[in-house]
Peer 1: 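Before I ask anything, here is the structure I am working with.
Each chain gets a letter, A, B and so on, in the order the sequences are listed, and its residues count up from 1.
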2 protein chains.
Amino acid sequence: MHRHEGHAACHADADDMLARAEAVCRERGLQFTPLRRDVLEAVAESGKAQGAYDIAERLSAPGKRVAPVSVYRALDFLMEQGLVHRIASRNAFIPCAHGHAPGEGVIFLICRSCGGVDEASSVEVEGGLGRTLERAGFTPVHSILEVEGDCGACRERMQAP
Amino acid sequence: MHRHEGHAACHADADDMLARAEAVCRERGLQFTPLRRDVLEAVAESGKAQGAYDIAERLSAPGKRVAPVSVYRALDFLMEQGLVHRIASRNAFIPCAHGHAPGEGVIFLICRSCGGVDEASSVEVEGGLGRTLERAGFTPVHSILEVEGDCGACRERMQAP
DNA sequence: GGCGGCGGTGATACACTGTAACAAACCCGC
DNA sequence: GCGGGTTTGTTACAGTGTATCACCGCCGCC
Ligand SMILES: [Zn+2]
Ligand SMILES: [Zn+2]
Ligand SMILES: [Zn+2]
Ligand SMILES: [Zn+2]
């Protein structure tokens with residue numbers, strides 16, 4: 001199970017993310033182009049899930065426009081390499097700092113107050129889900145598990161304003 | 001745990017669904033209007049998840065057009081009453097024949113081959129998820145769990161064509 | 001050097017999904 | 001009949017994602 005440790009830590013993570021991404025791409029013989037780098041950085045810098053159009057706007061500057069379609073292509077690439085996750089319930093994207101094992105289930109903890117998204121995993125949930133699917137005669141290919149609620153920090157902030 | 005028993009059973013379910021929906025609305029003092037009835041019927045008749053625009057098109061006839069916005073409103077109502085589920089990973093809707101207990105988690109089994117969606121539930125998964133969230137200091141409000149894969153019928157069909 | 005394939009990007013247009021705002025119709029109790 | 005809440009129609013718009021084609025840069029090959 002993994003937790004973000006606050007915005008400072010997230011920010012520090014951004015550089016790590018970029019270094020790791022470059023290593024992953026080099027290792028797999030893929031190109032970590034400037035656009036892909038910028039998109040990943042934009043996703044990693046903000047502590048919350050970013051929409052593709054938000055990223056496009058953030059990367060655009062007067063005179064240099066980045067079209068959403070380019071962002072989508074970069075995101076597709078980054079998702080294939082496991083560097084970014086898509087949050088289906090938000091139509092948004094987050095960076096992934098954990099090299100997940102293939103087939104490992106991920107639980108997204110989405111805070112409705114601060115918009116932050118943490119990742120967790122649980123062998124208990126995974127095992128139970130596997131048994132449930134087997135009983136149902138269903139062969140899984142991939143699954144999404146997203147929980148919306150209040151993160152610890154926001155809950156404390158609400159109790160003692 | 002629940003399984004569809006094929007298209008014939010789904011079709012038979014449609015009438016039951018409508019009767020149950022009418023009973024639920026009467027009991028809660030809500031209106032089960034013709035539009036809401038038609039939308040629920042459209043969702044229930046097809047064995048697969050339907051998009052809002054698909055439903056609008058299906059309900060439209062030459063001379064009588066049903067706008068998507070009307071379908072969305074009916075779907076919102078039906079979802080509030082627990083008669084319809086939204087499948088976030090598909091932007092689509094399915095009927096629900098099981099009166100879920102409040103707070104009960106639902107697992108959607110989405111067949112990538114036939115497009116059918118079954119519902120399952122598992123106290124094991126639910127308990128494991130609850131403990132995982134508690135460890136993470138996260139207070140859940142609601143969660144979605146959707147699994148894409150191959151249903152039993154489609155897997156058999158693929159093995160022996 | 002020239003050439004052709006290949007992956008990445010730019011640019012435009014388009015399809016699909018969902019919501020806001022306002023007016024008209026409907027229902028129901030007074 | 002009247003007033004007020006709910007439902008529906010209609011239009012317009014915002015947000016999300018994809019198709020298509022052209023262009024560029026790179027690298028291997030002739
Ligand atoms: Zn991850
Ligand atoms: Zn929070
Ligand atoms: Zn259900
Ligand atoms: Zn199937």
Side-chain angles (χ1 to χ4, degrees), chain A residues 21-22 24-26 28-43 48-81 83-94 115 144 146, chain B residues 21-22 24-26 28-43 48-81 83-94 115 144 146:
Chain A
E22 191 166 358
V24 164
C25 289
R26 188 192 321 280
R28 301 178 189 172
L30 302 170
Q31 307 179 36
F32 192 54
T33 65
L35 177 63
R36 290 169 180 174
R37 203 204 80 96
D38 290 348
V39 169
L40 179 56
E41 188 179 27
V43 175
K48 51 203 306 191
Q50 295 284 299
Y53 279 68
D54 298 333
I55 299 170
E57 191 177 357
R58 175 189 285 243
L59 294 185
S60 293
K64 162 93 165 75
R65 178 181 112 93
V66 177
V69 60
S70 298
V71 175
Y72 277 111
R73 284 192 288 230
L75 288 171
D76 287 342
F77 172 85
L78 295 170
M79 280 192 290
E80 281 169 14
Q81 304 312 316
L83 297 166
V84 160
H85 295 297
R86 181 180 142 80
I87 308 296
S89 62
R90 291 284 181 110
N91 296 326
F93 302 84
I94 61 167
I144 64 175
E146 303 178 3
Chain B
E22 190 165 0
V24 163
C25 290
R26 187 190 322 278
R28 301 178 189 173
L30 302 171
Q31 307 179 37
F32 192 54
T33 65
L35 176 64
R36 291 168 178 174
R37 205 203 78 96
D38 291 348
V39 169
L40 180 56
E41 188 179 28
V43 175
K48 51 204 306 191
Q50 296 284 297
Y53 279 68
D54 297 334
I55 298 169
E57 191 177 358
R58 176 188 284 243
L59 293 184
S60 292
K64 161 96 163 76
R65 166 172 180 262
V66 176
V69 60
S70 299
V71 174
Y72 277 110
R73 283 191 290 229
L75 287 171
D76 286 342
F77 172 86
L78 295 170
M79 280 193 291
E80 278 168 15
Q81 305 312 316
L83 299 165
V84 161
H85 295 297
R86 178 178 145 81
I87 308 296
S89 62
R90 293 282 182 112
N91 295 326
F93 303 83
I94 60 166
I144 65 175
E146 305 179 2

Peer 1: Counting neighbours of CD on B/Q81 that are heavy atoms of other residues, nucleotides or ligands and sit closer than 6.0 Å, is the number greater than 12?
Peer 2: yes
Peer 1: Rounded to whole angstroms, how far apart are CD on B/E57 and P on C/dT17?
Peer 2: 11 Å
Peer 1: Just so I know, are the side chains of B/D76 and B/M79 near enough to count as touching, which here means a heavy-atom distance under 4.5 Å?
Peer 2: yes
Peer 1: Rounding to an integer number of Å, can you tell me how far A/L75 CG sits from C/dG8 P?
Peer 2: 15 Å
Peer 1: Does OP1 or OP2 of C/dT9 have a side-chain N or O of A/T33 closer than 4.0 Å?
Peer 2: yes
Peer 1: Where does the chain A footprint on DNA chain D start and end, counting 5' to 3' with a 4.0 Å heavy-atom cut-off?
Peer 2: D/dT16 to D/dT20
Peer 1: If you look at every heavy atom in A/Q50 and A/A42, which pair is closest and at what distance?
Peer 2: CG-O, 4.3 Å
Peer 1: Would you say B/R73 places a side-chain N or O within less than 4.0 Å of OP1 or OP2 belonging to C/dT19?
Peer 2: no
Peer 1: Nearest nucleotide by nearest heavy atom, which residue falls closer to the 5' end of DNA chain D, B/R36 or B/R65?
Peer 2: B/R36
Peer 1: What is the distance from atom NZ of A/K48 to atom CD1 of A/I87, rounded to the nearest 0.5 Å?
Peer 2: 13.5 Å
Peer 1: Taking OH from A/Y72 and C1' from C/dC16, how many angstroms apart are they, rounded to a whole number?
Peer 2: 11 Å
Peer 1: Roughly how many Å is it from CD in A/E80 to C1' in C/dG8, rounded to a whole number?
Peer 2: 13 Å
Peer 1: Would you name the heavy atoms of A/L40 and A/F32 that are closest together and state the gap between them?
Peer 2: CD2-CZ, 4.1 Å
Peer 1: Holding to side-chain hydrogen bond (donor to acceptor under 3.5 Å, both in side chains), I want the full list of residues that pass it with A/N91, two or more places apart in sequence or in another chain.
Peer 2: A/R86
Peer 1: Distance check needed: C/dT9 P versus A/L59 CG, whole Å only.
Peer 2: 12 Å
Peer 1: CZ of A/F77 to OG1 of A/T33: how many Å apart, nearest 0.5 Å?
Peer 2: 7.5 Å
Peer 1: In whole Å, I'd like the distance from the CG atom of A/N91 to the C1' atom of C/dG18.
Peer 2: 10 Å
Peer 1: Expressed in angstrom and rounded to an integer, what is the separation of A/F32 atom CZ from C/dT9 atom P?
Peer 2: 11 Å
Peer 1: Choose from C/dA11, C/dT17, C/dG8 the nucleotide whose nearest atom is closest to any side-chain atom of B/Y53.
Peer 2: C/dT17
Peer 1: If you pin B/V69 and B/R90 to their nearest nucleotides in DNA chain C, which one's is more 5'?
Peer 2: B/R90
